[in-house]
Amino acid sequence: MTQLQNWALEVCLVCAGAGLLNHLAGSQGRKSVIKLTLTLYILVTALSPLKSGLTSEEIDWQTPQLAAQPSPDAGALALARAESALSEELSEKVGAGVRVTLERQGQEVAVARITVSGAADSRRVEAQLREDFGDGVKIVCESGGGNGE
């Protein structure tokens, strides 16, 4: 990186010197010769890294990377929100505390378990849930009160 900085400084100094010499030249005849000479000198200075063998491997083109911030698992967060919303909806529907457990099955999400607590008529609630979810879902009716949390 220092080589690149030194080269840029050299090009800037050469350009400033060329401008100064151009202003100091008096007659038109000398100005055109000086302009040609200075233009060639600036060109040679600008291309000097190629001559000296400065390769792109010697220049660090990498930009500093920011430390990766751990991000919450969006899938797990969405799954938790879906469990909560479905639990609340079923609790209102059956009139008892319901806690739903969802699980991922590849790209799909399925109801794995339904836990009911505080149901006055647990058989009716279980029958209603079986009607909605089928026999593939494990339904557990717990005795005692609670709100499903």
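Keep in mind the model is a prediction, meaning the values are calculated, not measured. We use all heavy atoms of the structure for the numbers below, so side chains are in, but hydrogens, waters and symmetry mates are not.
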Exercise. Of all residues at least two apart in sequence or in a different chain, which pass the side chain to side chain donor-acceptor pair (under 3.5 Å) check with Lys138?
Worked result: none

Exercise. Got more than 12 heavy atoms from elsewhere within 6.0 Å of CD, Gln105?
Worked result: yes

Exercise. Heavy-atom distance under 4.5 Å between the side chains of Val100 and Phe133, does that happen here?
Worked result: no

Exercise. Under the 3.5 angstrom rule, does the side chain of Glu142 hit a backbone N or O of Ser117 as a donor-acceptor pair?
Worked result: no

For this session: Count the heavy atoms belonging to other residues, nucleotides or ligands that lie under 6.0 Å from CD of Glu89, then report whether that count exceeds 12.
Result: no

Problem set entry | Counterpart residues, salt bridge (Lys or Arg N to Asp or Glu O under 4.0 Å), relative to Glu126 (two or more places apart) | Arg130

For this session: Answer yes or no: is there a side-chain heavy-atom contact under 4.5 Å between Asp132 and Lys93?
Result: yes

Problem set entry | With Arg124 via side chain to side chain contact (heavy atoms under 4.5 Å, CB included) - residues at least two apart | Asp121, Gln128

Exercise. How far apart are the closest heavy atoms of Ala96 and Val116, and which atoms are they?
Worked result: CB-CG1, 4.1 Å

Seminar exercise, completed: Output for pair (Glu103 CD, Arg113 CZ), nearest 0.5 Å, gives 12.0 Å

Problem set entry | Closest contact, heavy atoms only, Val98 versus Ser87 | O-CB, 3.3 Å

Exercise. Ignoring hydrogens and geometry, is there a side-chain-to-backbone donor-acceptor pair from Ser91 to Gly97 under 3.5 Å?
Worked result: no

